[in-house]
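Everything below concerns the one structure shown next.
Here is the naming used below: chain letters follow the sequence lines, and residue numbers restart at 1 for every chain.
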There are 2 protein chains.
Amino acid sequence: MKRVTMADVAKMAKVSKSTVSQYLNKRYEYMAPETRKRIEEAIRVLGYQPNIVARSLKQKRTSTIGVIVANILHTFSTQIIRSIEDTCREHDIHVIVCNADDDPAKEANYIKMLRAKQVDGLIVFPTGGNIDLYQAMIQERYPIVFVDRIVEQVNVDSVLLNNERASYLAVEHFVKKGHQRIGMITTSLIRNITPRVERIKGFITALKAHNLPVNHEYIKGLEVAKIKDGLSEMFRLKEPPTALLVGNDLVLMEVLNYVKENSLIIPQDLAIIGIDEVPFANIFDPPLTTISQPTFEMGKKAAQLLLEKIEDQERSIEVKIHRFEPKLIIRSSC
Amino acid sequence: MKRVTMADVAKMAKVSKSTVSQYLNKRYEYMAPETRKRIEEAIRVLGYQPNIVARSLKQKRTSTIGVIVANILHTFSTQIIRSIEDTCREHDIHVIVCNADDDPAKEANYIKMLRAKQVDGLIVFPTGGNIDLYQAMIQERYPIVFVDRIVEQVNVDSVLLNNERASYLAVEHFVKKGHQRIGMITTSLIRNITPRVERIKGFITALKAHNLPVNHEYIKGLEVAKIKDGLSEMFRLKEPPTALLVGNDLVLMEVLNYVKENSLIIPQDLAIIGIDEVPFANIFDPPLTTISQPTFEMGKKAAQLLLEKIEDQERSIEVKIHRFEPKLIIRSSC
DNA sequence: CTGTTAGCGCTTTCAG
DNA sequence: CTGAAAGCGCTAACAG
């Protein structure tokens, strides 16, 4: 594996390395057209490929960003990632994706590795468990943006769904369909993960807004593995809910499994609205009414914010939370 | 953003850069325990983080590999990627994933970029459109492995499903259930994509093995967007198939949509088996019988093969095709 | 318009 | 056990 370097090209084209460098950086103005030809030729013959690592070292810029997602299993995460990648490709920026698996230790490790690799910035779906690390980065003015979650005390640009509104839309639709006993189930609330907390909050607010009682037996936040148990419990009540708001796609799978195992009929026995659009919503029987997030726009926004920050590290554009509006997609499960 | 370098650490610990380097590389034998203490302390105080880019330049090794998938929309691709990432993480190797979108030009571009970035090796789901590029890499002995597809004339380690067997399993099950008129539909065959071709071939072989006639009106390879038209055509035949083998998950979505739109009952009107396990197979109504691929093992194997090659670039372990066995998961759609 | 000269931050002989 | 020095491949002043 003979590596051919700029020096080889320079020698062959009988110019100096810097001229070759100029050529590569398309600063053609400073170059006799004929010199340019010679360089072109040499590059072609030698099959020269620039070494970006060397360039990065010099420029202190790798044209690579890191994305750390809390949990890659959510459709939401993968869609956001795809959108970030698309946006970055347009700017010739590469993306390294890491999955923290909801584990702050893994997250910390990735942050360190990625920074050691000199990525130009980070988009993170924070686990919330590394507040000091987050803050250190902010103080250094290292480019970073959060997605999906905000972290108390950490002041950084963040891209989020208008979660309260999402719940509101669902409740409103349930009510419109005549439901009075409405429940909500989502993943565990112990770590105060933003979307879960906000969606529950929005749910309660919406209930009140519609003059419905708030029955805490109808509201559950549980580990995915315990969702079914929670459901059993809820449906053993003398007056179980007739409608259920499902907090995210992973929980939805559990709910749908439960429904199937217990031969419930949707929406007669139980009306369902899930937050997060899932690929099989349309073909499911019955088609699933969902609240969708504008993942494409959100990913794009996150990427743009980060790229801007990378461009001018200096200018401190004021930090803010960017909220995106959810959309109710009415099908037949409610 | 004050970058602290090894020189700073060295100065503070009153040693030379090389000693610090030794420390970082854990060559403690060559070091007075007390020197070591001082270095540790300096690193801690300064908050020093090594610059991996500089190291990579020197070592000619980035501890990063690239993965180029032909089409990220397949569940298969994302599962393989996850498995590759898991395996690589264990070896402290980072992964950059790129989606060629079934476009050879994009693929070529990514190969060049990734190599310019000095990734240590490449795992690619080849589009099949860059034979010369593939061959150049092989001649250079650049570490590379193919997944999912083989390319004529390109002799490289490849990880694939035993595709013919996959079709065989399906046909066998259809026959067992009493079906005689069995069809197959998959994505376009024009570019000779390995799994499609092999699955069709296996399908025909299996039909013959069961003494069933091969009716070419029952076999279709079409762009995703045209799947539904193909289905219409097939079901307008006087004797339409009673069972359908679906070539992959993307096609399955189309088929299921068609089924829904035309109010067909599965499996009475049409029995279905899909190649590729899909997340909603269980909760679908009826639950879907599928042929699953051992994606976890396949991704792991691909990563291991690549990592081995990277370890000893020299030793030319003989090139071969690694086949993995599909599994029939019987549910209710057939 | 082109060449010279310094590095970027780290690793790695090779002396001492 | 520790330090000096060379250099990985490229960029960026600065002369000329």
| request: Please check if atom NZ in A:K11 has more than 12 non-hydrogen atoms from other residues, nucleotides or ligands closer than 6.0 Å. | output: no

The answer to which of B:T35 and A:A7 contacts DNA chain D further toward the 5' end, by nearest nucleotide, is B:T35

Should A:T5 be listed as having a side-chain N or O under 4.0 Å from OP1 or OP2 of D:dG9? no

Problem - A:D120 (side chain) donor-acceptor with A:R61 (main chain) under 3.5 angstrom - result: no

Presence of donor-acceptor pair under 3.5 Å, side chain of B:S18 and base of D:dA4: yes

A:I52 CD1 to C:dC8 C1', in whole Å, measures 16 Å

| message | If you define the side chain from C-beta out and look only at heavy atoms, does anything of B:I111 sit under 4.5 Å from B:I68? | response | yes

note: A:K17, atom NZ; C:dC8, atom C1'; distance rounded to Å ~ 13 Å

Separation of C:dC8 atom C1' from A:Q59 atom CD, nearest Å, is 11 Å

Of D:dG3, D:dC10, D:dT2, the nucleotide closest to the side chain of B:V15 is D:dG3

Looking only at C:dT12, C:dG3, C:dA6, the nucleotide nearest the B:S21 side chain is C:dT12

Rounded to whole Å, CZ of B:R61 lies from P of C:dC10 at a distance of 19 Å

D:dC10 phosphate, OP1 or OP2, under 4.0 Å from A:Y48 side-chain N/O: yes

Has the side chain of B:K58 got a donor or acceptor atom sitting under 3.5 Å from an opposite partner on the base of D:dG7? yes

When rounded to whole Å, the CG to C1' distance for the pair B:N51 and C:dT11 reads 13 Å

In whole angstroms, the gap separating C1' of C:dC10 from NZ of A:K117 amounts to 16 Å

| said: Quick check against the 3.5 Å criterion: does A:T127 have a side-chain atom that pairs as donor or acceptor with the backbone of A:A70? | reply: no

Checking C:dG3, D:dC10, C:dC10 against the side chain of A:S16 (C-beta onward), the nearest is C:dG3

Between A:S63 and B:K117, a side-chain donor and acceptor under 3.5 Å: no

When rounded to whole Å, the CZ to C1' distance for the pair A:R38 and C:dC1 reads 12 Å

B:K60 NZ to C:dG9 P, in whole Å, measures 20 Å

